[in-house]
J.: 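Here it is, the structure, as C-alpha cells.
Within every chain, numbering begins at 1; the chains are lettered A, B, ... in the order of the sequence lines, protein sequences first and strands thereafter.
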Amino acid sequence: MENILLKIDNITKKFGSFYANKDISFTVRKGEILTILGENGAGKSTLMNIITGFYRQDSGTITINGEKVLYKSPRDAMQYGIGMVHQHFMLVKNHTVFENLYVSLKEKKFLINKDIYKDIFGKIFQEFNLNIDMDAPLWKLSIGEQQWIEIVKLLINDCNLLILDEPTTLLTPQETVFLFNFLKKLQEKGKSIIFISHKIKEVMELSDRITILKKGEFVGTLNKNEFNEDTISTLMVGSTIKKRFDKKSHASDDILLELIDIFARNDKGLSDLVNFNLNLRKAEILGIAGISGNGQKALAEVLTGLKDPTSGSIILDKKDVTNGNTRQKYIHGIAHIPEDRKAMGIAPDLSVEENLILKNFKDKKFGRFILNKKNLHQYANNLIEKFNIQYGLKKAPVRLLSGGNIQKVIIARELSCEPTVLVALYPTRGLDVGSQEFIHETIMEHKAKGMSTIYISEDLDELLKISDRIAVIFRGKNMGYVDPENTDKFIIGKLMGGLTESD
Amino acid sequence: MIKIEKRDLSSNNFAKGLYKLLSFLIGLAMSTVLLKLLSVDITQFFIELYQDSLGSKYAVSETLLKATPLIICSIGVSLAFKMKLWNIGSEGQLYMGALASTIVALYIETDSSFIMLSSMILASFLLGGLWSGFAAILKSKLNVNEIIVTLLMNYIAILLVDYLVYGPLKDPAGFNFPYTKQFPDVALLSTFFNTRLHYGVIIAVILLVIYYIIIEKSIWGYEIRVIGSNPNAAKYSGINIDINIFMVMFLSGGISALAGFSEVSGVIHRLQHSISPGYGYTAIIIAWLSNQNYLGILFSSIFMAILFIAGDTLQLNYQLPISLVNAFQGIILFMLLISDFFMNHKISIKWRKND
Ligand SMILES: Nc1ncnc2c1ncn2[C@@H]1O[C@H](COP(=O)(O)OP(=O)(O)OP(=O)(O)O)[C@@H](O)[C@H]1O
Ligand SMILES: [Mg+2]
C-alpha cells in the first residue's frame, strides 16, 4: 500500500518474565496523526522505544516504507526518518539552545560554521512562531520551551514520523493549543505523528485515528467517525468510567492553616512569592489555579517546609509554626506530592516496596533497628493493590516503572500516612483517566476524615470539580478566592491573567 | 563506522554476572600471558601457587591471614560506597589504626590482655574514624570532594608513621631498623593451630556479619541506601544527610583502622615501615568488584589474597618483583571497567551504509 509509512507486526517485548508488549500490530499512514491510548503501564512508551530503536523487540517486525528494518541503534531509526520526544526528555542544561540543536544533527560537517546552522535553525523557529533565544542556556527555558527544542531537533533531522510521548502532560493549556496548531501544520506538510496522551478530549480533537493498548496487548483502532468517550474508555479499561461524584461533605468554617504576608524566593526564572496570603479551612479542598511558573512551586515548598520564607508567618491552629520546634512537628504532619517526581519523590534504585515507606519508615511497625520485612511486604502490597500500581517485575527498581505508576507510588505513600494537610502539585499529571478519578475519590475520602488539601493544578475542569474554594495565583500574589459553584472558567481565566473580576 | 549507544541492563542480573565473570577470566588470562613473557613456566607456577595458597592447612591459613585485612578494609570502603561516598583513604586509615594500637600497646601498662586488646581496638577505631570523619566534615560543611581529601590523607598517614618509626618511636635496641619495640604479650592476638593465622580473622567475620545486617536488614541501612540513590528524596523524607555522611564516613574509617590493629597485633607485633602492601587500595577494587555485597566481599577478598600470595611465590621462586601483583590487579580491574562499559553501552560496527 502506497500511503503506509510504518507497519509493525506481532511485536513482543519481555522484561524478565513480564510481557510489556505482546503481539502488537498496527500501521501509521503518511500524513496522519495517530494516538496511542492506554492505561498507565499498558506498554506505550516501551512500544515507542522499540519503534525508535532504544529497545530491541524479542520478536515481530518493523516495516518502514515497505522495507523491513532491523535497527542497531536509535541513530538507525533516525536514518529512516523516525524520531521521538521522550516522556522524560533530557537536554544538556548548561548548553545553549544552539549547542543542543547542533549536537543532535545526524550528519555533521567537520568544521562548525555557526552562521549557516543558525540560519537553518532560525528559519524553523520563524516558521512555527517560536520566540526562543538561540544563545540562551537551556535551564532558562520553561519546560514547554524545552519541549519545542526537542521537537525542532527532529525537524532539523528531516524526520517524517514524529513520536511524542505525553508531550502535553507538562504544558499549560495555552501551550497545548500552540502545540496542536504546530502539529497540524506539520501534518499539512505530510509528516506523520504518533501522539501519546491521557487526556481523551484533546486526543479526540487532534487525532485521525486512535489505537488502544491494554496490559501490553493491542485492543483495537478507531477511525475519526467512531470517536466517543465511552467507547474509548470501555476499550481501555473494560468498563466505562463511572462519573458519579458526590461532591461536598462540607468543609468546616474553622481555619486550620494561615499564611500571612509571606515573601519567598523562587528558583531562577519563576515568580517569587510577594506578600502572599492564604487561609485553609479544616476538611477543605482548596484549589490553587494559575499558570505554572507564577509561584506555585515556592508556595508548595514554603508550605511543606522545604523552603524558609524570607518574611511573614505560618499559623497552624492559631499557633505560629514559622520557626523553631513547632515547625518540625508541623512539617511532619504534612504530605506533599512534588512536581518533579524523579528528582524529589523517589529513590530510583530502591524497589517499589522500599519507596512506599520512604515517608514513614520510622514507624514502629517497621521495626526500631531491624527493618521488619514481613510488615513491609504486607503494608506495601496493600497499597500496591489499592492504588493499582503496575510494577512489572517484582523487586525491580522503581525507576523502571512507567511514568504514571511512579506517580501512583508517590501518591499512595503520601496519602497513606494520614496527613492533616496535603499539598499536591499537579497530582494527576500523567495519570490515565481511571487513576485520575481514583485519586480524586481518595482525596475526597480523606477529606471526609478531616484532611485539608491544597490542590495546585492548571486544569480548571479538575479544580472546579473537586475544590470547595479556588484561590488564583498570579506573579506570586493571591488574586482572591472564587466559589466553584458560582463561577466559570472565564472569570478564573481573567484572574489568572492578572486582571480583577470586574475588569 | 563504530557506534556507541547507552543501554540499561539493570533488570538482567544474570547477564551482568556473566559479563563480570567473563571479563575477570580474560583479565586472568592476560596476566598469565604476562607471566609467560617473563618466561615463567605457567603450569609449574600454578602448581606452586596452589600449594602455597590452598594446598595444605598452612597454605590455607596464609591465604586467610592475607584475606583478613582485605575483608576488613573492604567492609569499610563498601559501607561508604553504598551511600555514594567515595572513601579511598582506607590505606591511610589502616595506618592510623596501626599507629593508635601501637601507642596503646607500648604506653599502657596492664596485665590483662582483655583490657589491653579492647583499648587497642577502641583507640584504633576512634583514630581511624576521626581521620575519615575529617573528610566528611569538609564535605558537608565546605563541599570539598571526599575523594581528594581521603586520598591525600593516605600520604599524610603513611608519612606520619614513617616519621615516627624512623624517629621518636624507633626501638633503641633495634640496630637502627625502622620499627618500634615489640609489643608486650598481652597486646598480641593469639593464633590458631600452630599457624600464623590469628583472631583477627574472627574480627573480620564478625564485621562482615554486622555489615550484612546494617545494609540488608536495618533501618539505618535503608536510610543509607535512600541517600545513595537520591539525596533529595532522602532530605524530603526527613533523613538528615550531614549527620549520616559523618556517621558513615566515621564508621568506614574506623573499620578500616581495625585492619591496622589486626595487622600489628596479630602478625607484625610491632609498628614498622610499610606495614601494608596496599590492602587499603585493593579494598577499593574489592568493594567495586563485589558490588558491595557481603558474600562478594568475602570471596573477592580471598581471591585477592591468593593474588598477593602469587606475588610472594613469584618473588621467592622466580626472583620477580612483588609489584607484579599490582600489575595483575591493574589488568583485572581494567578488564572489569571495560566490561562495565560494555554493560552500559551497546557497540556496533557498521560496514556498509545500509546493512
Ligand atoms: N527496563 C525495564 N525493565 C523492567 N520493566 C520495565 C522496563 N521498562 C518498562 N517496564 C515495565 O513495563 C510496563 C510498561 O511500561 P511503559 O513505560 O511502556 O508504560 P506506559 O504505557 O508508557 O505507561 P505510562 O502511561 O504510565 O507512561 C510497566 O509495568 C513497567 O514497569
Ligand atoms: Mg509512558
Side-chain angles (χ1 to χ4, degrees), chain A residues 14-16 18 20 53-56 67 69-76 79-80 301 304-306 328 331-332 336 338 340-351 354-355 357-363 366-373 376 392-393 395-400 410 413-414, chain B residues 1-16 81-84 209-241 244 247 291-293 344-355:
Chain A
K14 275 166 79 174
F15 293 112
F18 172 76
F54 281 91
Y55 291 153
R56 167 87 53 92
E67 181 191 348
V69 297
L70 193 64
Y71 305 128
K72 295 228 169 66
S73 76
R75 287 249 160 195
D76 285 357
Q79 297 290 347
Y80 288 106
E301 288 179 347
T304 51
L306 286 172
Q328 223 40 48
I331 291 172
H332 209 76
H336 182 197
D340 195 343
R341 289 147 208 179
K342 289 226 162 165
M344 281 221 305
I346 55 163
D349 302 316
L350 272 59
S351 70
E354 287 173 325
N355 267 283
I357 58 162
L358 201 56
K359 201 76 186 280
N360 57 346
F361 68 90
K362 285 183 178 138
D363 259 22
F366 299 124
R368 276 171 63 82
F369 299 106
I370 300 297
L371 194 59
N372 184 330
K373 290 257 161 85
L376 168 62
L393 287 174
K395 296 219 166 133
V398 100
R399 70 189 147 83
L400 295 180
I410 297 172
R413 178 183 75 213
E414 294 297 316
Chain B
M1 194 170 58
I2 298 176
K3 287 181 302 183
I4 300 171
E5 310 286 346
K6 282 213 155 225
R7 68 167 165 184
D8 196 336
L9 260 188
S10 41
S11 48
N12 195 341
N13 282 325
F14 180 72
K16 265 164 58 176
F81 275 20
K82 273 282 176 211
M83 213 170 101
K84 301 233 163 79
V209 173
I210 295 177
Y211 172 79
Y212 166 73
I213 291 173
I214 289 183
I215 293 298
E216 306 284 336
K217 299 279 173 201
S218 82
I219 304 243
W220 187 41
Y222 172 79
E223 290 187 37
I224 291 174
R225 286 181 293 129
V226 172
I227 298 174
S229 177
N230 181 359
N232 281 324
K235 214 182 292 171
Y236 164 65
S237 65
I239 297 173
N240 187 325
I241 296 188
N244 272 300
M247 295 220 301
N291 214 358
Q292 299 102 51
N293 171 283
N344 294 320
H345 298 84
K346 199 164 77 188
I347 300 198
S348 50
I349 300 174
K350 210 174 170 185
W351 304 108
R352 285 170 288 119
K353 192 129 188 98
N354 288 318
D355 69 347

J.: Does Ile239(B) form a side-chain contact (heavy atoms from CB on, under 4.5 Å) with Phe361(A)? I'd like the steps, not just the answer.
T.: CA-CA 10 Å; Ile239(B) 297 173; Phe361(A) 68 90; 3.8 Å; yes
J.: What is the minimum heavy-atom distance between Leu358(A) and Ala233(B), and which atoms define it?
T.: CD2-CB, 4.2 Å
J.: Give the minimum heavy-atom separation between Asp349(A) and Lys84(B), together with the two atoms involved.
T.: OD2-NZ, 3.9 Å
J.: Between CD1 of Ile219(B) and CZ of Phe369(A), what distance do you get to the nearest 0.5 Å?
T.: 9.5 Å
J.: Report the distance from atom CZ of Arg413(A) to atom OG of Ser237(B), rounding to the nearest 0.5 Å.
T.: 7.5 Å
J.: To check you understand the geometry: which heavy-atom pair defines the closest contact between Ile346(A) and Asn230(B), and what is its length?
T.: O-ND2, 2.8 Å
J.: With a 4.5 angstrom heavy-atom cut-off, could you sort out which part of Lys373(A) is near chain B: side chain, backbone, both or neither?
T.: side chain
J.: Looking at chain A, which one of Arg225(B), Glu223(B), Lys235(B) has the largest number of heavy-atom pairs inside 4.5 Å, strictly under?
T.: Arg225(B)
J.: Give the minimum heavy-atom separation between Ser229(B) and Ala347(A), together with the two atoms involved.
T.: OG-C, 3.2 Å
J.: Evaluate the criterion side-chain contact (heavy atoms from CB on, under 4.5 Å) for residue pair Leu350(A) and Tyr222(B); output intermediate values, then yes/no.
T.: CA-CA 9 Å; Leu350(A) 272 59; Tyr222(B) 172 79; 4.0 Å; yes
